[in-house]
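Structure record follows, encoded as structure tokens.
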Amino acid sequence: MGNLICMTKKDTRDNNHGSKSKRMGRSQRKLLAEEEFLHRQALSMALQQHQLSQRFDGSMSRRIGSTSSRRRNLSDPFSNGKQAPDFLENMKLNKLVLVHGEGFGAWCWYKTIALLEEAGLVPIAIDLTGSGIDLADTNSVTTLAEYSKPLISYLENLPEDEQVILVGHSTGGACVSYALEHCPQKISKAIFLCATMVSDGQRPFDVFAEELEEKKLYRIKKANRNLASSSGPKAKTLGSTERFMQESQFLIHGNGKDKPPTGFMFEKQQMKGLYFNQSPTKDVALAMVSMRAIPLGPVMEKLSLSPEKYGTGRRFFIQTLDDRALSPDVQEKLVRDSPPERVFKIKGSDHCPFFSKPQSLHKILLEIARIP
């Protein structure tokens with residue numbers, strides 16, 4: 001049976017301390033292993049994107065994500081020994097289409113894609129027109145229909161009886177709303193991730209304009225600061241969006257200074273403060289070299305949403321509670337103005353939970369996916 005060993009209280013304390021240290025070491029090693037796994041997945045998807053860009057011309061939408069031939073099994077070294085939850089094994093609706101927000105691309109979902117694949121779901125990330133590795137010139141994208149074309153084309157080409165779950169981040173929420181209005185039969189659920197879930201007749205940028213006004217990121221003309229309160233006979237009150245159009249130093253005039261602006265892009269330090277106040281350094285670095293200018297036309301366009309189409313869609317909203325680009329107060333207002341079926345919240349998340357809180361986002365997406 002072996003020898004019995006008597007331990008003093010001091011020995012017990014020392015042994016417990018050693019066990020605690022080992023547990024902490026195992027925990028840290030597990031976190032490092034998971035991070036390394038996600039980054040290897042990101043590299044794999046980046047290589048796939050590069051191959052696609054070499055294979056197809058710029059008129060085709062770029063998509064990354066799972067297909068049935070790429071589904072991993074337990075013998076796959078990348079599977080991490082995880083099995084899909086039982087409830088997903090027989091789920092017919094297991095495809096999630098991920099729609100990025102302003103300036104981002106399909107690349108921003110790399111952690112979410114890896115986690116959803118591990119759970120047995122089929123994530124598809126789409127580059128909107130002029131985003132990610134889509135070759136269209138951002139300055140040429142002037143309408144929401146053109147911006148959303150890769151998403152709408154994907155939905156229209158689905159088999160007749162197939163539906164998907166749409167996930168839209170930030171201004172990508174406008175594309176999700178547009179898709180709900182134009183392809184409602186293809187969408188089982190629409191998830192707005194700290195997104196512009198606008199009402200009928202509202203512009204996506206109006207949601208952000210109040211935030212920018214409060215932070216005074218674009219107030220560069222001191223002479224105009226009192227324009228709204230001027231008592232002159234020609235004075236008029238300008239909304240936040242109009243002031244942005246008059247005063248912003250971040251506007252891009254792709255067709256010349258004498259022409260209307262075609263896009264905008266914040267400076268790197270301002271982007272870090274607005275979008276990535278809780279995100280890991282590696283992900284911020286990835287974003288800094290990958291983000292592109294934001295086409296202005298699509299976010300300035302008023303959406304036309306009908307109760308018969310958009311109004312019958314199943315909508316869910318995920319709030320990010322440490323968000324500086326779209327504050328919790330603004331998100332609450334969006335929810336009050338157009339109540340979704342359910343609201344979820346992620347504590348400690350900045351505007352990019354796919355970077356700052358990927359596990360929390362993953363759990364919520366799974367929960368929504370299993371709602372009957």
Side-chain angles (χ1 to χ4, degrees), residues 38-67 69-70 95-117 122-157 164 166-176 178-179 193 252 254 262-266 268 271 275-276 279 282-299 352 354-355 358:
L38 289 174
H39 280 284
R40 290 169 73 183
Q41 286 293 98
L43 177 60
S44 174
M45 286 184 286
L47 289 173
Q48 184 188 9
Q49 278 191 294
H50 177 71
Q51 291 169 355
L52 284 172
S53 66
Q54 298 298 315
R55 190 182 307 166
F56 302 122
D57 63 43
S59 64
M60 299 188 67
S61 63
R62 303 297 198 266
R63 300 191 296 271
I64 60 175
S66 296
T67 63
S69 63
R70 293 180 58 243
K95 186 174 291 185
L96 285 86
V97 178
L98 308 172
V99 184
H100 61 82
E102 69 284 354
F104 293 89
W107 54 267
C108 73
W109 298 104
Y110 79 93
K111 289 181 178 179
T112 303
I113 289 171
L115 291 169
L116 290 173
E117 285 183 338
V122 183
I124 302 293
I126 290 180
D127 278 321
L128 298 172
T129 306
S131 304
I133 61 170
D134 184 273
L135 300 181
D137 180 6
T138 302
N139 296 305
S140 68
V141 183
T142 58
T143 66
L144 188 58
E146 186 177 4
Y147 190 48
S148 305
K149 188 175 180 180
L151 172 61
I152 300 301
S153 296
Y154 177 80
L155 295 175
E156 290 177 342
N157 288 319
V164 300
L166 280 192
V167 184
H169 171 244
S170 199
T171 56
C175 299
V176 170
Y178 184 85
L193 176 60
I252 298 171
T262 55
F264 69 97
M265 190 169 190
F266 297 117
K268 288 186 177 181
M271 278 198 291
Y275 292 98
F276 310 114
S279 294
K282 288 183 179 179
D283 291 324
V284 177
L286 172 65
M288 291 300 98
V289 298
S290 304
M291 292 184 75
R292 293 175 62 180
I294 305 160
L296 196 58
V299 297
C352 302
F354 39 75
F355 290 156

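Atom set for the values below is all heavy atoms of this structure, side chains included, hydrogens, waters and symmetry mates excluded.
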Within-4.5 Å side-chain heavy-atom neighbours: Leu286 and Tyr110
yes

Okay, side chain of Ser290, backbone of Gly132: is any donor-acceptor separation there less than 3.5 Å?
no

Student check: side-chain heavy atoms of Met271 and Phe266 closer than 4.5 Å:
yes

Looking only at heavy atoms, which two atoms of Val176 and Val167 are closest? And how far apart?
CG2-C, 4.3 Å

Does the side chain of Asp127 reach to within under 4.5 Å of the side chain of Pro150, using non-hydrogen atoms?
no

Exercise: identify the closest heavy-atom pair between Pro123 and Ile113:
CG-O, 3.7 Å

Under 30°, 30 to 60°, or over 60°: which ring-plane class applies to Phe104 and Trp107, parallel, tilted or perpendicular?
tilted

Sequence neighbours excluded, the answer for ring-ring contact (aromatic ring centres under 6.0 Å, His included) partners of Tyr147 is none

Within the structure provided, determine whether Leu151 and Leu166 are in side-chain contact (heavy-atom separation under 4.5 Å).
yes

Is the closest side-chain heavy-atom distance between Trp109 and Leu116 below 4.5 Å?
no

Is any side-chain heavy atom of Tyr178 closer than 4.5 Å to a side-chain heavy atom of Ile152?
yes

side-chain contact (heavy atoms from CB on, under 4.5 Å) partners for Ser279, two or more places apart
Phe276, Val284, Asp350, Cys352, Phe355, Ser356

Interatomic distance, OH@Tyr154 vs CD1@Ile126, rounded to 0.5 Å, equals 6.5 Å

Under a 4.5 Å cut-off applied to non-hydrogen side-chain atoms, are Leu128 and Val99 in contact?
yes

Closest approach of Pro298 and Pro295, non-hydrogen atoms and distance?
CD-O, 3.6 Å

Roughly how far apart are Lys268 NZ and Met291 CE, rounded to 0.5 Å?
11.5 Å

Taking only residues two or more places apart in sequence, or in another chain, which ones meet Thr142 in a side-chain contact (heavy atoms from CB on, under 4.5 Å)?
Glu146

Spatial distance of atom CG (Leu193) from atom CZ (Phe354) [nearest 0.5 Å]
7.0 Å

For Ala136 and Arg292, the nearest pair of non-hydrogen atoms, with its separation, is O-NH2, 3.1 Å

With sequence neighbours left out, write down each residue that passes side chain to side chain donor-acceptor pair (under 3.5 Å) with Tyr275, or none if nothing qualifies.
Glu102

Mind checking what makes side-chain contact (heavy atoms from CB on, under 4.5 Å) contact with Ser140, not counting sequence neighbours?
Asp137

Shortest non-hydrogen pair, Cys108 vs His100, comes out as SG-CB, 4.0 Å

Would you please name every residue forming a side chain to side chain donor-acceptor pair (under 3.5 Å) with Ser148, sequence neighbours left out?
none

